[in-house]
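Encoded as structure tokens, the structure appears first; notes follow it.
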Number of protein chains: 2
Amino acid sequence: MTAVPDLSLLHSFVTVAQELNFRRSADRLAIDQSALSRRIQKLEALLGYPLLERTTREVMLTQAGQNFYDSATRILSDYRQAIGDARRIAEGRTGRVRVGYMAFAATELMPQAVARFETRHPDISLELRYMRTQGQKAALINDEIDVGFMIGPYDNSECQSILLASEQLYVVTPKGHPLLRKTQVTPEDIRNEDFILGDMAEWGEYRHRLGDLFVRSGIALNPKLEASNTLALIGLVAAGLGITIYPKSLTGFLGPGVGVRPINNSLFQSQTILAWKRNNRSRALSNFIDVAKLGEASV
Amino acid sequence: MTAVPDLSLLHSFVTVAQELNFRRSADRLAIDQSALSRRIQKLEALLGYPLLERTTREVMLTQAGQNFYDSATRILSDYRQAIGDARRIAEGRTGRVRVGYMAFAATELMPQAVARFETRHPDISLELRYMRTQGQKAALINDEIDVGFMIGPYDNSECQSILLASEQLYVVTPKGHPLLRKTQVTPEDIRNEDFILGDMAEWGEYRHRLGDLFVRSGIALNPKLEASNTLALIGLVAAGLGITIYPKSLTGFLGPGVGVRPINNSLFQSQTILAWKRNNRSRALSNFIDVAKLGEASV
DNA sequence: ACAAATTGATGTGTTTGTTGCATCAATAAT
DNA sequence: ATTATTGATGCAACAAACACATCAATTTGT
């Protein structure tokens, strides 16, 4: 590894190269002229070639010195830039937060958090990535995202999370379905309905959560059909092949062919959490979390 | 001006960021672990923000640290590159030599020197500029060229020169001219000839030199015609309007309409020198001079 | 469950390197 | 000829960085 002269030497040289006068340069550097003279000597000794041509009356740059000066100023400037960049990141005034989000947060929670964040922290860039809950968990562990809007709860020693929203689940039925005659339905009401759900690949975590809910309510969850596409799923419901269950935030996006009713049971909630890795000390991230908390569930 | 941490600190940080272990890093840096620990502390204190997250068992980069590391490696790499570039220039292994040349050197001296130089120093680029002797002198003083092939001698305290060639002067006459009956002519033979010379603007230095020669030979130099263009000048000679005087190296480029004879007098020589500024310490230049010397006059 | 090893941090005396002061020789200006 | 200014240098004083020994915290090995 090549010997790399200290920055004090480099800075001294740059000053002398600008002033072409040791005494004035020494004044600017606030050191003695002799010290500066020795610094330049040391620099040249380390490099192994002269940078300055000096007589007792005049100082001028050698060709190598001219070239080195050009490089040195650029390097010092880059260095200061790097220090400033890192400072901005450390202070959270810039940087980047990679945000994962899934469908249930896509309509309200994530957009609102993002909107608040952008006004408060315009210097911090956000990268939004649509990922399902499972993918977000893996992405968090692998440091591919910094924070994720996902279905909760999530217990993992490496991660921390807060509950952002607990929203009522709704049944989605074809238009004219008997359930729509009531203003709200109970778990009992849907015990014998046919269910159409997204397949495990697409709805993995949600399916697990729903399965859990039904077990705890003493109802069997037997999906009659599976659909891998949301539009297709709603289409199947509208076609009268069965019903499905959606969180409230998505009930406004279902089109005209279906009707919705809330499930009147405190268990039938979908929790959306915000999760991040504990060891991620990014200031930008903590800023994002703070902002996202403003929409936190008051439950 | 922002405080700029020393390179030893920067280098230490880069090492730790790579090893993520203080002891191993200290070994690599060949210093004590405690010294390294303090270096990192000092760096962070200078910057004002932490770069590393350390527990007693683990070291990891903060975001600012990661960013700073990326910048730091690039900066160190640029720095080493700059040192190497300047070294190559200092050693004359790269660089640029601006060469001025005039007509008398254009056919042999300059091309041969350039050819030798390009094989020996392929990394050094040459810039060739056609200039007359007077122009070269001004260009040397003004640092517009590094070295010049010109008519000598040249005495100037700022410049140094070596004699490259001293070539015989030839009379150039129309075909069938009486002087051509002799194998060589004397100054006396041309005492009463009509002379056609280039004008002062084009032939300035050469005219001065010729005038000097004629005075020292006791012969008046009365140009009958002046031409500003070399081809026109030779045309006028071929047309029988007079004779002119050329150095040997150019006698092969005169076309069919004229004849040439050497002037049998040791004074009638044209000296071509290589001149450069004394304070030009460019290694590339001294390399060029060394190569050009190989064609030096043995006189 | 307990001892041994490994982590980074810290207290302390020593050393190395840098500085400022005074002065020098060389050169330019007056 | 005198004076002022240039960068370089000898030397003593100082400050910063260092190695050594040790610490508390934590993991590893048995």
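We name chains A, B, ... by the order of the sequence lines, and we start the count at 1 in each one. Values reported hereafter were calculated over all heavy atoms of this structure, with side chains retained and with hydrogens, waters and symmetry mates removed.
Closest to the side chain of B:Arg39, out of D:dG7, C:dG11, D:dC18, is D:dC18. Side-chain proximity of B:Phe22 to D:dA19, C:dT19, C:dA9: nearest is C:dA9. Proximity note for B:Arg54 (side chain, C-beta onward) versus D:dG7, C:dT7, C:dA9: the nearest is C:dA9. Comparing atom distances between the B:Ile31 side chain and each of C:dT19, D:dA19, C:dT7 picks out D:dA19 as nearest. When distances run from any side-chain atom of A:Ser37 to the nucleotides C:dT23, D:dT9, C:dT19, the shortest one goes to D:dT9. When distances run from any side-chain atom of B:Val59 to the nucleotides D:dT9, C:dA9, C:dG8, the shortest one goes to C:dG8.
Under 4.0 Å is where a charged nitrogen must lie from a carboxylate oxygen, and between A:Glu44 and A:Lys42 no such pair does. Taking 4.0 Å as the cut-off between side-chain N and carboxylate O, A:Arg283 and A:Glu91 do not count as a salt-bridged pair.
Remark: aromatic rings of A:Phe104 and A:Tyr206 are close, center separation under 6.0 Å.
When the side-chain hydrogen bond (donor to acceptor under 3.5 Å, both in side chains) test is applied to B:Ser37, the partners found at least two apart in sequence or on another chain are B:Gln41. Residues passing the ring-ring contact (aromatic ring centres under 6.0 Å, His included) test with B:Tyr49, sequence neighbours excluded: none.
Atom CG of A:Leu52 and atom P of D:dT6 are 16 Å apart (whole Å). In this structure, A:Asn21 places its CG atom 17 Å from P of C:dT27, rounding to the nearest Å. The CG atom of B:Leu29 sits 10 Å away from the P atom of D:dC18 (whole-angstrom rounding). Across the protein-nucleic acid pair, B:Leu36 atom CG and D:dA19 atom P stand 10 Å apart, rounded to whole Å. Atom CZ in A:Arg23 sits about 13 Å away from atom P in C:dG20, given to the nearest Å. A:Glu19 places its CD atom 17 Å from the P atom of D:dT5, with the value rounded to the nearest Å. Put simply, CG on B:Asp6 is 11 Å from C1' on D:dA17, counting in whole angstrom units. The CD1-P distance, from B:Ile40 to C:dT10, rounds to 14 Å in whole Å.
At the phosphate of C:dT18, OP1 or OP2 sits under 4.0 Å from a side-chain N or O atom of A:Lys42. Of the side-chain N and O atoms in B:Ser34, none sit less than 4.0 angstrom from OP1 or OP2 of C:dA9.
Position along DNA chain C of the nearest nucleotide to B:Ala35 versus A:Ala30 favours B:Ala35 as the more 5'-ward residue. DNA chain C is contacted by both B:Arg24 and A:Asp32; B:Arg24 maps to the nucleotide lying nearer its 5′ end (nearest heavy atom per residue).
Between the base of C:dG11 and the side chain of B:Arg38 there is a donor-acceptor pair shorter than 3.5 Å. The base of C:dA9 has none of its N or O atoms less than 3.5 Å from a complementary donor or acceptor on the side chain of B:Gln41.
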